[in-house]
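Working notes, beginning with the structure itself.
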Amino acid sequence: MTVATRAELDDVLASSERVLVMVRTAGCAICKSMDPIIDNVARATDVAVVDFNPKADLEAVDAFGVRSVPTFLLFEDGEVVDRLADGFVPTEDLVAFVEG
C-alpha cells in the first residue's frame, strides 16, 4: 500500500496494530530495489506494510526524524517502536527486524 500524506499514514496506523513503513523518494535507486523485499516481508509476516513518499508532506519527515532513504519505521499501536536506516536490507534481515 502506498500513502502520500501523514493523514493517510495515520489512517493506516489507526486500523492496524503493527505497521512497517518504508519512507522513500521517487528517485531513490535503493528504495526501488527494496520493492520486492517489501513484498516478501508482507507475505512472510502479519505486519501491514506501507510505502510512504512524503514529497507532499515534508512535515512528516521532520516528525519521524527521517534523515536518509530508505528508512524503515516499525509502528505498534500507532507509535514508532524501532527504526532502520541502513540502505538496502535483505529480506531475512528485514523480516527479523519486523519480528524482532
Side-chain angles (χ1 to χ4, degrees):
M1 167 188 315
T2 300
V3 298
T5 67
R6 175 69 186 267
E8 291 173 354
L9 180 59
D10 286 345
D11 288 344
V12 174
L13 296 175
S15 64
S16 300
E17 184 178 322
R18 298 187 65 211
V19 180
L20 175 66
V21 176
M22 180 173 77
V23 181
R24 68 179 304 156
T25 59
C28 171
I30 294 173
C31 300
K32 185 159 181 65
S33 71
M34 288 300 303
D35 288 343
I37 305 291
I38 291 294
D39 291 343
N40 291 340
V41 171
R43 284 191 298 274
T45 68
D46 62 352
V47 69
V49 177
V50 175
D51 192 58
F52 179 42
N53 182 345
K55 181 179 181 181
D57 197 344
L58 295 179
E59 289 181 14
V61 172
D62 288 335
F64 295 125
V66 174
R67 301 290 174 247
S68 63
V69 290
T71 293
F72 299 93
L73 302 171
L74 183 61
F75 289 83
E76 288 186 13
D77 299 321
E79 300 294 324
V80 176
V81 294
D82 208 351
R83 71 178 48 244
L84 186 62
D86 294 340
F88 183 85
V89 182
T91 298
E92 299 79 23
D93 295 350
L94 198 53
V95 168
F97 170 75
V98 168
E99 293 180 341

Problem set entry | Path from Val12 to Val49 over hydrophobic side-chain contacts below 4.5 Å | no
Exercise. So how far is it from Thr5 OG1 to Asn53 CG, rounded to the nearest 0.5 Å?
Worked result: 11.5 Å
Problem set entry | CG on Asp93 to CG on Leu84, rounded to 0.5 Å | 8.5 Å
For this session: Decide side-chain contact (heavy atoms from CB on, under 4.5 Å) for Met34 and Leu94; before the verdict, give the C-alpha distance in whole Å, the side-chain angles of both, and the deciding distance to 0.1 Å.
Result: CA-CA 10 Å; Met34 288 300 303; Leu94 198 53; 4.0 Å; yes
Exercise. Which value, rounded to the nearest 0.5 Å, describes the distance between Phe52 atom CZ and Glu8 atom CD?
Worked result: 8.5 Å
Problem set entry | Pairwise side-chain contact, Phe88 with Ile37, heavy-atom cut-off 4.5 Å (strictly under) | yes
Problem set entry | Distance-minimising heavy-atom pair for Ile30 and Gly87 | CG2-C, 3.8 Å
Problem set entry | Minimum heavy-atom distance Arg67-Asp62, with the two atoms named | NH1-OD1, 4.2 Å
Exercise. When hydrophobic residues are tied together by side-chain contacts of less than 4.5 Å, even through go-betweens, does Val19 share a cluster with Met1?
Worked result: yes
Exercise. Are Val3 and Val21 connected in the hydrophobic side-chain network, where two residues link if heavy atoms are under 4.5 Å apart?
Worked result: yes
For this session: Evaluate the side-chain proximity of Thr25 to Lys55: yes if any heavy-atom separation is below 4.5 Å, no if none is.
Result: no
For this session: Given side-chain contact (heavy atoms from CB on, under 4.5 Å), test Val23 with Leu73 step by step and report yes or no.
Result: CA-CA 8 Å; Val23 181; Leu73 302 171; 3.9 Å; yes
Exercise. Rounded to the nearest 0.5 Å, what separation is found between the CZ atom of Arg24 and the CG atom of Asp51?
Worked result: 4.5 Å
For this session: Work out which heavy atom in Val69 is nearest to a heavy atom in Cys31; give both atom names and the distance.
Result: CB-SG, 3.9 Å
Problem set entry | Pair Asp39 + Arg43: basic N to acidic O under 4.0 Å | no
For this session: Applying side-chain contact (heavy atoms from CB on, under 4.5 Å), run through Asp35 and Met22 and close with a yes or a no.
Result: CA-CA 10 Å; Asp35 288 343; Met22 180 173 77; 4.1 Å; yes
Exercise. Does CD in Glu17 sit with more than 12 non-hydrogen atoms of other residues, nucleotides or ligands closer than 6.0 Å?
Worked result: no
Problem set entry | Distance-minimising heavy-atom pair for Ala4 and Asp57 | O-CB, 4.0 Å
Problem set entry | Side-chain heavy atoms of Ile38 within contact of Phe72, under 4.5 Å | yes
For this session: Find out whether Phe97 and Val41 are in side-chain contact, i.e. whether some heavy atom of one side chain is under 4.5 Å from a heavy atom of the other.
Result: no
For this session: Please tell me if the side chains of Leu9 and Phe64 come closer than 4.5 Å, counting only heavy atoms from C-beta onward.
Result: yes
Problem set entry | Side chain proximity check, Val95 to Val98, heavy atoms < 4.5 angstrom | no
